Amino acid sequence: DVAKIGGAARYLPGTVHANELGTEPGDDVSIILDLLVLRPVGFVALTAGTVIYIASIPFTLPTGNIKKTFRALVERPAAYTFTRELGGEN
């Protein structure tokens, strides 16, 4: 009966099963999803943000919000796309 309980435990939510390399089974899927979907979306966001940032300079320069606008529209999408760990959450 102990073996049945132990076998059933693997179907409980929140249990993690690591393979021999010590990675979780979802790591491969999250890396592929990140590489094929999220990074290209991040690149599009970076490109669009750069265009919007350049267009907004005449409005943000006089108000002193140019650094804040740059961070929001260019720096964060660039960091998301190019510097975070592949398959990472943020």
Side-chain angles (χ1 to χ4, degrees):
D1 287 342
V2 174
K4 289 180 184 178
I5 294 172
R10 67 181 167 174
Y11 297 109
L12 293 175
T15 58
V16 177
H17 301 285
N19 61 23
E20 58 275 355
L21 298 176
T23 59
E24 297 175 16
D27 284 351
D28 296 338
V29 174
S30 64
I31 288 172
I32 291 169
L33 177 68
D34 190 7
L35 187 63
L36 297 179
V37 177
L38 298 178
R39 299 289 169 136
V41 169
F43 186 75
V44 169
L46 172 61
T47 305
T50 302
V51 170
I52 294 169
Y53 169 73
I54 291 170
S56 72
I57 288 176
F59 307 104
T60 59
L61 193 58
T63 61
N65 289 327
I66 196 158
K67 288 182 181 181
K68 183 177 179 180
T69 306
F70 179 80
R71 269 194 304 277
L73 296 175
V74 179
E75 189 176 300
R76 287 185 190 141
Y80 179 84
T81 304
F82 297 113
T83 62
R84 72 182 171 83
E85 182 178 337
L86 193 59
E89 293 179 15
N90 293 328

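Every heavy atom of this structure was used, including side-chain atoms; hydrogens, water molecules and symmetry mates were not. Predicted model, so just to flag it, every value in this text is computed and none were measured.
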Side-chain heavy-atom pair [X], [Y] within 4.5 angstrom cut-off:
| X | Y | value |
| --- | --- | --- |
| Phe82 | Leu46 | yes |
| Phe70 | Ile66 | no |
| Phe59 | Asn65 | no |
| Arg84 | Arg39 | yes |

Measuring from [X]:[atom1] to [Y]:[atom2], what's the distance to the nearest 0.5 Å?
| X | Y | atom1 | atom2 | answer |
| --- | --- | --- | --- | --- |
| Ile32 | Leu86 | CD1 | CG | 10.0 Å |
| Thr47 | Ile52 | OG1 | CD1 | 11.0 Å |
| Ile57 | Thr69 | CD1 | OG1 | 9.0 Å |

*Closest approach of Val74 and Pro77, non-hydrogen atoms and distance?*
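Closest pair (atom of Val74, atom of Pro77, distance): O-CD, 3.4 Å.
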*Heavy-atom pair with the smallest gap, counting every atom of Leu35 and Pro40*: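 Leu35 and Pro40 have their closest heavy atoms at O-CD, 3.5 Å.
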_Tell me whether Phe43 shares a hydrophobic cluster with Tyr53, the cluster being built from Ile, Leu, Val, Met, Phe, Trp, Tyr side chains joined at under 4.5 Å._
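Shared cluster, yes.
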